[in-house]
Amino acid sequence: MLRGSVEAREAPAAPTTATGAPLRWLSLRFTGTGGEYFRIWIINLALSFLTLGVYSAWAKVRTKQYFYRHTWLDGSSFEYLADPRQILKGRLVLVLLLALAFGLQAAFPLASLPLVFLLALLTPWAVVLSMGFRARNSAYRNVTFGFSCTLHHAYRVYMLGYWMLLLTCGFFYPTVRWQRAQLVVESTRYGSEPLRWNTSSESYYGCFVKALLLGLPAVVFSIWPPSFGLGTPVWGRWFASALFLVPTVYMRARFENLLYGGIVLGPHTLSSRQQLLPLLGIYATNAVAVLATVGLAIPWAKVRLARYRIERLTLHARGELDVQADAGASIHGGYGDAAVDLGGVDLGL
C-alpha cells in the first residue's frame, strides 16, 4: 500500500443507505513529520528574513502545500493551488495601507477611533475575499472548493453582530460566533455541492457557559494568590495564567467539534472528537518545547497539533465521494487572504 493511504474503518454489519450503498466511517490521516517540516520551515524563515519579507508569500504556499498534501481521506490527499504572486500583491497593498494608517495615527492621535471603525468595516470584505481565495485554491481529487457569500450578506451578519455585542455587553457572543460560523460553512461548496450545517446556537451557549465555569479557579487565583500558599502574588499570577489555559483550550476544542461536527455534504456527514485533556497536554508540552529550544521546536509543535486536530475528524460517507466540478467559479485575488493573515483573524475553517 502506498505511503499515506487511508483505510476506511467499517463497523461490523455496517448499515446501508436507501440506495444500498454501505455507510463507511472514513478517518482523516496526517502523514507529515516534524523533521520534514523543519527543513521547510527553516528555509522559509531564512529566505523571508533575507528578502525582507518578500519571500513570505512563497513560504506560506510551501507550508500550506505541505500540510495539505499530507492530509489524506479515503486514499487521496488534499492540494493547495495558490499562486504566491497573488498573495504577495495583496500583502504589499495592505502593508502600504497599514503604514499610511499608522502614520496618520502618529500625526493625529485622535484618528485612532476612526481607524478602529474602518477596520471593523473592512472585516466582512476581508472574510469574503479570503474564504473565496482559500476555497478556490483548495482541492480534493482534482475538484476545487468554492465560496459564494455576497458582500451584502457578510456585512449584514457582521454589522448585526457588532451591534448585538455592543448592546448586550458581550452577552450575545456565542450567538454572534455561531452566526459567523454559519455564514462561512453554508457559503462553502465542494465542486457544485454546497455544504450545509446543522449545529444549533444553543450548543454554542452551552460551550460558553462551561468555559466560564472552568475559568472561575483562574479568576480566584488571580485575585487572591497569596491565600492559596503560593507565596508572592507574582507566582500566583503565573499559576492563574496557566489555569486560564484550561477554559481557552476547552473552547477551542469544543467550538471546533461544533463547527466541523455540524457539516453536511450531500449524503455525507462529518464528526469531530477533540477532547480537553489530550489537547491541553499537547498545548502545554508544545509550549515547554518551544521555550526550551528558543523556538526551534515550532515545526514539531505545529505538526503535533495538526495531526491531533486532523485525525479527530471522521467522514461518515454514504456512497461515493465524487461530485461534479463547478466550472463557473472564479478565482479571487489575494487581498482578503493577506488582510486576514496580517490581522491574525481565525476564521476557523
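The aromatic rings of W197 and Y204 sit perpendicular, their planes meeting at an angle over 60°, well past the 30° parallel limit. Classification of the F67-F30 ring pair by plane angle, with boundaries at 30° and 60°, yields parallel. Using cut-offs of 30° and 60° on the angle between ring planes, the pair Y55 and W58 is parallel. Below 30°, between 30° and 60°, or above 60°: for H316 and W25 the angle between ring planes is above 60°, a perpendicular geometry.
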Inset, instruction - Evaluate side chain to side chain contact (heavy atoms under 4.5 Å, CB included) for Y140 paired with L73, printing each intermediate quantity in order. - result: CA-CA 9 Å; Y140 174 70; L73 172 65; 3.7 Å; yes
Inset, instruction - Please assess Y155 against V128 for the test side chain to side chain contact (heavy atoms under 4.5 Å, CB included), listing each intermediate value before the final yes or no. - result: CA-CA 10 Å; Y155 270 96; V128 171; over 6 Å; no
Inset, instruction - Could you go through the side chain to side chain contact (heavy atoms under 4.5 Å, CB included) check for V249 and L276 one step at a time? - result: CA-CA 7 Å; V249 173; L276 172 61; 4.1 Å; yes
Inset, instruction - Give the intermediate values and the outcome of side-chain hydrogen bond (donor to acceptor under 3.5 Å, both in side chains) for residues Q179 and Y158. - result: CA-CA 9 Å; Q179 289 174 339; Y158 272 80; over 6 Å; no
Inset, instruction - Decide side chain to side chain contact (heavy atoms under 4.5 Å, CB included) for L165 and Y173; before the verdict, give the C-alpha distance in whole Å, the side-chain angles of both, and the deciding distance to 0.1 Å. - result: CA-CA 6 Å; L165 291 175; Y173 170 75; 4.0 Å; yes
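I310 CD1 to T71 OG1: the interatomic distance, rounded to the nearest 0.5 Å, is 3.5 Å. Rounding to the nearest 0.5 Å gives a distance of 8.5 Å between CZ of R24 and CG of L315. With rounding to the nearest 0.5 angstrom, the CG atom of L259 is 7.0 Å from the CD atom of E256. To the nearest 0.5 angstrom, Y80 atom OH is 6.5 Å from Y68 atom OH. Distance check: L88 CG to T51 OG1 gives 9.0 Å after rounding to the nearest 0.5 Å. Here the CZ atom belonging to F145 is positioned 11.0 Å from the CG atom belonging to L81, to the nearest 0.5 angstrom.
Both tests pass for R177 against the ring of F255: distance under 6.0 Å to the centre and angle within 45° of the axis.
When side chains are defined from C-beta on, T314 does not count as touching L270, because their heavy atoms never get closer than 4.5 Å. Between S56 and R91, some side-chain heavy-atom pair lies under the 4.5 Å cut-off. Side-chain contact between Y66 and H70 is present, with at least one heavy-atom pair separated by less than 4.5 Å. When side chains are defined from C-beta on, T33 does not count as touching V303, because their heavy atoms never get closer than 4.5 Å. Inter-residue side-chain proximity for L167 and F172 is flagged as unmet; no heavy-atom pair is nearer than 4.5 Å. Residues N142 and E79 form a side-chain contact, since some pair of their non-hydrogen atoms from C-beta on lies under 4.5 Å apart. By the 4.5 Å heavy-atom criterion applied to side chains, T144 and N137 are not counted as neighbours. Using a 4.5 Å heavy-atom threshold, the side chains of I43 and L47 count as touching.
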Show me, pair by pair, the donor-acceptor contacts under 3.5 angstrom made by side chains of residues 180-187, not counting sequence neighbours?
residue : atom : partner : partner atom : Å
S187    : OG   : L183    : O            : 2.7

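Cluster annotation: V209 and F171 are assigned to distinct hydrophobic clusters (Ile/Leu/Val/Met/Phe/Trp/Tyr, side-chain heavy-atom contacts under 4.5 Å, transitive). Note on V290: it clusters hydrophobically with I42, by side-chain heavy-atom contacts below 4.5 Å among ILVMFWY residues. Put simply, V127 and W163 are part of two different groups of oily side chains (I, L, V, M, F, W, Y) that touch within less than 4.5 Å, one to the next. Cluster annotation: F117 is connected to M159 through the hydrophobic network of ILVMFWY side chains, with a link wherever side-chain heavy atoms come within less than 4.5 Å.
Remark: of the listed residues S203, S271, S272, S272 is the sole one forming a side chain to side chain donor-acceptor pair (under 3.5 Å) with N257.
With sequence neighbours excluded, no residue forms a salt bridge (charged side-chain N to carboxylate O under 4.0 Å, His left out) with R69.
Counting only N and O atoms by type, the side chains of Y205 and T175 include a donor and acceptor under 3.5 Å apart. Between the side chains of S130 and R134, at least one donor N or O lies within less than 3.5 Å of an accepting N or O. A donor atom on one side chain and an acceptor atom on the other are not found under 3.5 Å apart for R307 and T31.
The two residues V143 and G191 have their closest heavy-atom pair at CG1-CA, 3.5 Å.
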